[in-house]
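Residue numbers start from 1 in every chain, and the chains themselves are labelled A, B, ... in the order their sequence lines are given, proteins ahead of strands. Computation of the quantities below employed the complete heavy-atom set of this structure, encompassing side-chain atoms and omitting hydrogens, waters and symmetry-equivalent molecules.
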Number of protein chains: 2
Amino acid sequence: MPDTPTVTAHGQISRPTPLRQAVYEALTELIINGSLKPGRHLVEAELAESLGVSRQPIREALQRLQTAGWVDLRPSQGAFVHSPTTQECAQLLSVRALLETHSARGAARHATARDVARLWELQQTGLAALAAGDARAIVEANAALHGHITLLSRNAVLDELIPQVDRRVRWYYMPIAKPRGKDAWNEHARIIEAIGEGAADRAEELMRRHTRNTTDFYCEQIAAVAGRDD
Amino acid sequence: MPDTPTVTAHGQISRPTPLRQAVYEALTELIINGSLKPGRHLVEAELAESLGVSRQPIREALQRLQTAGWVDLRPSQGAFVHSPTTQECAQLLSVRALLETHSARGAARHATARDVARLWELQQTGLAALAAGDARAIVEANAALHGHITLLSRNAVLDELIPQVDRRVRWYYMPIAKPRGKDAWNEHARIIEAIGEGAADRAEELMRRHTRNTTDFYCEQIAAVAGRDD
DNA sequence: ATGCAGAATACTGTATGCAATCATCATTCG
DNA sequence: CGAATGATGATTGCATACAGTATTCTGCAT
């Protein structure tokens with residue numbers, strides 16, 4: 001994909017994409033897909049050369065990666081890919097549950113018919129991915145759906161905070177996406193219905209249960225795995 | 001104060017503080033105390049000169065300031081001090097309520113006697129500031145108390161997220177700190193009691209009411225002011 | 001063999017310079 | 001007289017160079 005100016009879907013004019021942004025996206029991708037493993041020392045000069053840019057945009061991207069929780073930045077030592085603990089994953093999921101529950105309520109209050117139609121489209125995408133058994137596509141569709149619900153909540157603060165939590169959850173979520181899949185997408189359907197009817201309380205409660213189910217499922221899976229090698 | 005390595009109170013060895021950190025703190029201070037007003041264009045070269053450093057640390061600090069919500073960073077145009085809308089303040093307060101409620105529950109479950117004693121100390125500091133009528137000190141003590149509760153929740157994710165929300169709330173909160181004061185600190189006392197007894201449910205509920213009261217109070221005040229000049 | 005001291009190396013932190021981009025203002029044409 | 005257009009100055013984005021610090025390796029004494 002060339003870095004020439006492009007036009008977004010909304011007809012917005014595109015400012016030339018800063019390199020630091022491209023670097024940020026490239027690095028998150030490398031971390032998510034496992035090319036850069038947790039704990040690995042990220043040397044600025046290496047990254048700069050392999051991505052074909054200077055150290056400056058690398059440094060700026062690393063700053064953002066730190067606040068997003070992808071890397072740990074230790075003074076005069078450099079950047080290290082963040083190593084998640086199972087404890088942290090559980091905390092991340094529980095915080096996500098809080099925030100998304102709140103956003104479901106907001107979505108139910110603000111969504112238009114058009115918005116809801118879009119949610120059903122995303123739901124279809126997810127079901128297709130589930131049928132195809134593509135874990136990566138499932139996780140992506142899941143993130144897209146949840147992200148759109150957040151958008152519909154019309155809450156700028158949530159919209160800023162949730163991605164920070166959610167993208168990381170997405171990372172940890174990958175291994176359990178398939179087994180959890182069927183139930184999760186049934187729950188999605190009922191949440192969308194509630195949003196479509198503007199039933200704020202019901203949407204909130206359904207989302208609360210949905211995220212709690214996901215959290216529980218995750219913890220069980222982890223416990224099962226931990227039991228094997230402890 | 002020289003920047004030679006010193007030893008902190010916890011016996012930790014202090015890595016030399018990067019300039020970007022100092023710049024970050026200096027700029028937040030300037031924004032909070034009003035020297036840099038919302039909407040103002042922050043020119044890198046100006047800041048660099050006035051702080052006596054080069055543009056590089058300034059740029060890195062601006063990156064962090066953006067993710068923390070203090071400034072808006074528009075590509076190839078530079079940084080602008082974020083202009084909060086009343087709507088955004090309300091959203092910020094409601095999200096803070098969610099997160100702090102959750103952290104109060106965690107604190108009640110994990111706090112030791114020593115931790116609780118520390119909370120009472122902070123409470124005393126707050127009462128003293130209240131008696132002195134020093135709005136700035138009140139806000140600071142309030143932030144310190146809430147921050148310590150978050151710490152006690154032993155939840156790394158909350159500990160990372162709440163400051164992002166809380167520091168901004170602190171900013172908006174300044175004007176209403178005094179009138180809200182008395183009630184707020186009474187509520188604090190009961191929350192601390194609940195934490196001391198390890199009563200998670202009660203601590204959670206008290207915190208929920210406390211943050212809701214604060215939110216309501218803020219909205220009323222804003223409405224009153226808006227009524228005047230609309 | 002083991003622990004320690006010191007030098008060498010590698011990396012980060014900071015400063016500076018140059019090119020690309022944007023906003024502003026004067027100018028010209030309808 | 002107003003609007004479109006081109007030139008100019010200011011500012012950001014990126015690259016490179018240098019200084020300070022941490023880590024590692026080697027050699028030596030115990």
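- Checked by atom type, the side-chain pair A:Glu60/A:Gln56 shows a donor-acceptor distance below 3.5 Å.
- Straight-line distance from the CD atom of A:Glu60 to the P atom of D:dA15: 11 Å, rounded to whole Å.
- Within the 4.0 angstrom heavy-atom criterion, no nucleotide atom of any strand lies near A:Leu62.
- Set against D:dC14, C:dG13, C:dC22, the side chain of B:Ser76 has C:dC22 as its closest nucleotide.
- As a whole-Å value, the separation of A:Glu46 CD from C:dA10 P is 12 Å.
- Rounded to whole angstrom, the span from the CG atom of A:Leu73 across to the C1' atom of C:dG13 amounts to 11 Å.
- Between the CD atom of B:Glu49 and the C1' atom of D:dA10 there is a distance of 15 Å, rounded to whole Å.
- Minimum atom distance to the side chain of A:Gln56 is reached by D:dA15, of the listed C:dT14, C:dC18, D:dA15.
- Remark: the backbone N or O of B:Ala156 is not paired with any side-chain donor or acceptor of B:Asp159 at under 3.5 angstrom.
- Between B:Glu44 atom CD and C:dC22 atom P the separation is 15 Å, expressed in whole Å.
- Taking a cutoff of 4.0 Å between a charged side-chain nitrogen and a carboxylate oxygen, A:Glu29 and A:Arg136 qualify as a salt bridge.
- Between A:Arg55 and D:dA15 there is no side-chain polar atom (N or O) within less than 4.0 angstrom of OP1 or OP2.
- Residue B:His41 has a polar side-chain atom (N or O) positioned under 4.0 Å from OP1 or OP2 of D:dT12.
- One interatomic measurement links the two molecules: CZ of B:Arg20 to P of C:dA15, which rounds to 12 Å at whole-angstrom precision.
- Proximity note for B:Ser54 (side chain, C-beta onward) versus D:dT16, C:dA15, D:dT11: the nearest is C:dA15.
- Phosphate contact (OP1/OP2 of D:dT21, side-chain N/O of A:Gln77, threshold under 4.0 Å): absent.
- OP1 or OP2 of D:dG13 sits under 4.0 Å from a side-chain N or O of B:Arg59.
- A donor-acceptor pair shorter than 3.5 Å can be found between the side chains of B:Gln21 and B:Glu25.
- Between A:Val43 and B:Pro57, it is A:Val43 whose nearest contact on DNA chain C lies nearer the 5' terminus.
- The CG atom of A:Leu19 sits 12 Å away from the P atom of D:dT16 (whole-angstrom rounding).
- If you measure from atom CD1 of B:Ile58 to atom P of C:dA15, you get 9 Å, rounded to the nearest angstrom.
- In this pair, B:His210 and B:His146 present their aromatic rings parallel. The plane angle is below 30°, not in the 30 to 60° band.
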